[in-house]
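So the structure is just underneath, and the comments pick up after that.
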Amino acid sequence: SSGESNSNGVREIKVAFDQGLNPIAYIDDKGNPTGYEIEAMKLVDQELKDYKFKYVGTTSDDLLIGVEQGKFQVGVKNAFFTEERTKKFLYPKEFLGLSSTGLVVKKENKEVNTLEEFAKKGLSLAPIAANSAQYTLIENYNTKHPDNKVKLKAGDTFSLDIVQWVNEERVDGGVMIEGPFNEQVTNPKGAYHNLKNDIFYNEFTVIQTWPLFNKKEQAFAEAYDKAIKKVKEEGKLRELSKKFYSRDLFEVQDQSQKKS
Amino acid sequence: MNGGFNVEFFINTFFVALSGIPTALVVTIVVLLIALPLGFLLAMTRLNNVPLLSPFSKLYVSFVRGTPIIIQIFIIYSSIPLFLKALFEKYHIAYDVYKIHPLWYAFIIFSFSTTAILIEVFRSALKTVDQGQLEAAYSVGLTSFQAYKRIIIPQALVVAMPNLCTATVNLIKATSLGYAISLQEITLRAKVAANAGYNYVEAYLDIFIVYILLCSVVEFSFKLFENRLSRYKISKA
Amino acid sequence: MLNIQNVHKSFGENKILKGVDLFIDKGDVVVILGPSGSGKTTLLRCINFLERADKGSANFGEISVDLHSASKKEIHQIRQKTAFVFQNYNLFNNKTALENVTEGLIIGRQMTKKEATKIGTAALDRVGLSTKYDAYPSELSGGQQQRVGIARAIALTPDIILFDEPTSALDPELVGEVLAVMKDIAKDGTTMLVVTHETSFARDVANKVIFMDGGTIVEEGTAHDIFTTPKEERTKKFLKRVIPEDYTFYI
Amino acid sequence: MLNIQNVHKSFGENKILKGVDLFIDKGDVVVILGPSGSGKTTLLRCINFLERADKGSANFGEISVDLHSASKKEIHQIRQKTAFVFQNYNLFNNKTALENVTEGLIIGRQMTKKEATKIGTAALDRVGLSTKYDAYPSELSGGQQQRVGIARAIALTPDIILFDEPTSALDPELVGEVLAVMKDIAKDGTTMLVVTHETSFARDVANKVIFMDGGTIVEEGTAHDIFTTPKEERTKKFLKRVIPEDYTFYI
Amino acid sequence: MGKYFDASYLWNAFPQLLPFLKVTFIVTLFAVIFGLILGWLLTMAKLSRYRSLRFLASTYITIMRCTPSIVLLFLIYYGVPLIFENFHINLHDLHSAYFVIITFALQFAGIISEVIRSAYLSVPTGQYEAAVSVGLTPFQAYKRIIFPQALLVALPNLGNSLIALLQEGALAYTIGLIDIVGKAQLMVAANINAHALEIFIALAIIYWGLSLLIDKIFSLLEKSLNKGKKSLKMT
Ligand SMILES: Nc1ncnc2c1ncn2[C@@H]1O[C@H](COP(=O)(O)OP(=O)(O)OP(=O)(O)O)[C@@H](O)[C@H]1O
Ligand SMILES: Nc1ncnc2c1ncn2[C@@H]1O[C@H](COP(=O)(O)OP(=O)(O)OP(=O)(O)O)[C@@H](O)[C@H]1O
Ligand SMILES: [Mg+2]
Ligand SMILES: [Mg+2]
């Protein structure tokens, strides 16, 4: 059930994306798919003469089932790597992007910038969608720190307005990716720019994100690896990072790799 | 299935999902206890054209039945705390509104919507009972209340039963929308479990089986009850 | 005992009752005769508030009410003292024959179930339905349903029973029996207001006969007066057709 | 014209019909008498397939059918040739009096609306309902509903009309009129099977009287035979109660 | 509290949302048409004389009523193409709207057949008997006498089911079909969940309008069918 090859030997690939992930993957005002991971995949597509990508916007659940079942050959949804997931999906060798994840807190908790501190202070955390990468992140932290757990709650798959929740003191903090936070608060045009002195984003990690391949797509995954490697070396992903996340996250990663 | 069906996960998660049943049932039962009498009374106001109440229940039905529950959940969940907070602050009540258990929201939200559905269910059922039945009850000296309780409602219930069953089953299923307010019920539990290994196929199958089991039991009880209630009718089949 | 004045009732444009007066003494058996559509059923229904009259008043023993604007409580009081036998039976569909009879006793009059059952079975026996206690209305023939309706009313031993053509669905054999039962109750002193076409019943039992037509009482008097020396043209015409020619009236 | 053999019918354990045979010639007027619950209604319903008999066969003119296993088409053919007057009226609740009458003509017999209305109003006029064309059943008195039911049947001018106590809800004045109408139709040559308690009708119109009891035909014969020289004990007992003592039977 | 509620988001939402009503309507329309046909067949099966038919219909209804729509949607969306694959028919590229319509129609049928059944059973048998006795065929009897009376009883429940169906669009979003709910979610996502309240209020208003419209049509229908019907009045 893989994508069809046409007469020129060019194979059409269906790339599913979670369409609710501004600025990682989303549909713009004109109805076109865009976002960091989409644009990165477009660059890969340009490198691969034998493949032609078609982008299919959908939800996270459908994406996961669809890629597993072979309805889509690959999917992007800001997915992190876990060992368990390799049983279901083929992870390529090369990651696709980086995701800065941080705690969104009020002024009085400005200095809380690790999960340990957050947990120690017994602060409350906004619910996180059960099928999102951030949920996994906190869950992993909790398994590693059984006596200093963050109060993790699973919640809505959509429409949780973390900045507002923190501002209202409905919760003490929330987990967000940096890009969206900047769009809302730091950006002078952002919806919550007026809160820029009340609400803070404290990065606690930068994590690699991966495209998920259908288990049968070994050959295609290898082709992807080659292409993305080239794109990375050309520095094009850094540009995309700056464009969508307003920051070159690859630099952050370089530094932390130097440190370790 | 070419993703490699994770049997172990499937079995474990089945019990995780099962553990969500009590929550789903508590919500369903509490909501029915509120919505059944309320829906019935409002249906009566419509049949008897009670001034004010009748147009109110009409408007109520159109709004609450008309808008998706998930949106009602969202609107209520995001605006009620704001409102309560302002209220509590004003009257110096030291209670953290955000500590209110999501169950309470679930009771309120699902009661709202189920009442609207039940108004229509009862209204249609009550229409099928002949006026002569009420008159005969009056003539032997029953009050309106007694007449309804003993004569009209048992007959109307027979007609209402299949639709009440649908409403109840729908309510059970709708409690899954409780994920939006972090209500720990069947769907949410299964999906939380699925995230670590992306075992969504298995999780959805578990959800499927649990709901089929739960709702079949409910449906079966309704059927028994319907048969009991309709003893007096000669079969039409 | 029951004194009704100036009852008016319209359905839309149609004036059905145009000022009916009625006086019934304790123990009276009053028979209403009249052609179809003359408003007999409607009058009975107004007395029992199954239909709200447009105008009119009633004195019921000590209770005086306005038929148009009586309160719920007044209505309930009056209904507790009356019983109604419907032209189209109106049995409770969801109750067995016996339950139909005991319902008013247990719920309306707060009797124990045991007492009520005793009275109920006796009433059903009286109308010849000893074998049908547990049958639902849908399992009874027309005549059987009618008799359950009568049993339901007499079991209440009310101050007055309103009968709307209680024998219309019965076969002649049963008509005789049911009329005998009614005579019996009459003897017990129960007041009765009976719409019927059974002239023999009127003759034998009624102490007052009323002839209605077009929503008014055309003529009233003792059975003897009405049947032998009717004054009004309309009454004469009606009676001529009702009483077979080869039938002489004996008092 | 109609020949029915060996009809059996039970409800659960209760055997209601226990092998009934019936022979009706074209133009016959057959009256069925019998006490309440004897199975008269059930027999009529089996003939019209409103109830499936457990056993039995019918010859209807050229059509022969098994009462238990007749096909849909056969049933429809037979129903097209018959009409039924129900003991409890069964008027179409959602249709006016006139529409009740014209429904079968327009839809069942494919008449134009105009034709049907002409026939329908004539039928209603015949039963004295000229002022009630547009009333819904819920707005009619019991007697009026009964008459609409009769009008609905006669408007169809079927080969045979099955009457189930067509006069039970009528006042005596109307009984006379409706019976006159029925005599009229009988004279037109319409075959009729009538369950009734009107012995005078049986006497004047019927050329055959059948006495049923307990699900079987106890006795049958001409009206004269049955009323003056009944053979069976049961018949005698029944007739004694039905015909008033002060009433002599004239042929 | 800042500008938590900003009405301009609300007004701006309408012109963006309304065009997507078309998708909602199309999906609902087809689901209702197919659902009614199938639902009616199910009612017939459930009231039939044959035990096996009754059993089949009951099982179907149980499964359809008891399965959460999202699970059913996934079953259809992934299951149907798998089945067709066996016959070498590729349905993977079929527009997702088809799957949504199939899912909703199947589910609507199960629910509506219970509505039809209860309404049908509420019409007294005498009505049917009288109709066939004046020479209507059973079909004509149903159409002209039973159906109008049953419809009156069914209407309020029909309204419940129809309006519920209109709202199931939220589910279509799960497999990427963008109807009016989906569009609202996309808009919320594009705003990174800011001002979701305003957008959802706009959505609620549109739905309310729809529901008022349906109510109006249904009560007109009810009024015209109510002819000659006395409903319970306390006296
Ligand atoms: N709900 C109603 N709406 C309109 N007209 C009605 C209603 N009920 C009764 N009527 C009309 O009122 C008139 C009197 O009806 P009523 O039932 O009192 O007659 P009746 O004397 O009991 O006749 P019958 O002997 O046939 O039972 C009839 O013409 C009938 O059509
Ligand atoms: N659907 C049913 N289920 C069970 N018993 C029934 C049913 N219909 C009729 N019966 C019984 O069958 C018997 C005959 O009924 P039927 O209606 O034929 O009597 P009938 O001779 O017409 O009496 P009547 O003169 O009172 O109308 C009655 O005892 C009745 O209780
Ligand atoms: Mg009357
Ligand atoms: Mg009968």
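Proteins get letters first, then strands, A, B, ... in listed order; numbering begins at 1 in each.
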- With a 4.5 Å heavy-atom cut-off, do F74(B) and L197(E) have their side chains touching? yes
- Item | Interatomic distance, I71(B) atom CD1 to F200(E) atom CZ [nearest 0.5 angstrom] | 6.0 Å
- Smallest heavy-atom separation, C215(B) atom then C66(E) atom, equals CB-SG, 3.0 Å
- Check whether any side-chain heavy atom of F208(B) sits under 4.5 Å from a side-chain heavy atom of L75(E), and report yes or no. yes
- dist L73(E):CG -> Y204(B):OH (nearest 0.5 Å) comes out at 9.5 Å
- Measuring heavy-atom distances to chain E, does M44(B) have an atom under 4.5 Å in its side chain, in its backbone, in both, or in neither? side chain
- Item | Atom group of S176(B) that falls short of 4.5 Å from chain E, counting heavy atoms | neither
- Below 4.5 Å from any heavy atom of chain B, which atoms of M44(E) appear? Answer side chain, backbone, both or neither. neither
- Message: Is there a side-chain contact between S62(B) and W208(E) in this structure, where contact means two heavy atoms from C-beta onward sitting under 4.5 Å apart?
- Response: yes
- Message: Taking the side chain as everything from C-beta on, heavy atoms only, tell me whether P68(E) gets closer than 4.5 Å to I207(B).
- Response: yes
- Output for pair (L152(E) CG, S124(B) OG), nearest 0.5 Å, gives 9.0 Å
- Item | Min side-chain heavy-atom separation N226(E)-K127(B) under 4.5 Å | yes
- Item | Closest-packed option against chain B by number of heavy-atom pairs under 4.5 Å, given N160(E), L166(E), I163(E), V71(E) | N160(E)
- Message: Counting only non-hydrogen atoms closer than 4.5 Å, does I152(B) touch chain E with its backbone (N, CA, C, O), its side chain (CB onward), both, or neither?
- Response: side chain
- Query: Counting heavy atoms not belonging to F112(B), are there more than 12 under 6.0 Å from its CZ?
  - Reply: no
- Can you check whether L121(E) reaches V159(B) side chain to side chain, under 4.5 Å on heavy atoms? no
- Just do the salt bridge (charged side-chain N to carboxylate O under 4.0 Å, His left out) check on K58(B) and E222(E) with the steps written out, would you? CA-CA 14 Å; K58(B) 209 170 164 182; E222(E) 234 179 289; over 6 Å; no
- F147(E) atom CZ: more than 12 heavy-atom contacts under 6.0 Å: no
- Item | Max heavy-atom pair count under 4.5 Å with chain E, selected residue of A167(B), A160(B), C165(B), A174(B) | C165(B)
- Message: Distance check, rounded to the nearest 0.5 Å: N163(B) atom CG versus S161(E) atom OG?
- Response: 7.5 Å
- Query: Just checking, is any N or O donor in the side chain of E114(E) or T166(B) under 3.5 Å from an acceptor N or O on the other one?
  - Reply: no
- Message: For the interface with chain B, which of I70(E), T67(E), I214(E) has the highest count of heavy-atom pairs at distances below 4.5 Å?
- Response: T67(E)
- Message: Within a 6.0 Å radius of atom CZ on F218(E), are there more than 12 heavy atoms belonging to other residues, nucleotides or ligands?
- Response: yes
- For the residue pair F220(B) and T62(E), establish whether any side-chain heavy-atom pair is separated by less than 4.5 Å. no
- Heaviest contributor of heavy-atom pairs below 4.5 Å to chain B, chosen from N157(E), D215(E), V153(E), L210(E), is N157(E)
- Item | Distance in Å, I212(B) CD1 paired with R65(E) CZ, rounded so as to fall on 0.5 Å steps | 12.0 Å
- Note on the structure: Output for pair (T128(B) OG1, Q149(E) CD), nearest 0.5 Å, gives 12.0 Å
- Could you tell me which of V169(B), I117(B), I209(B), L59(B) has the largest number of non-hydrogen atom pairs under 4.5 Å with chain E? I117(B)
- Message: Donor-acceptor pair, distance only, cut-off 3.5 Å: does the side chain of Q167(E) make one with the backbone of R65(B)?
- Response: yes
- Pick one of side chain, backbone, both or neither for Q155(B), based on which atoms fall under 4.5 Å of a heavy atom in chain E. neither
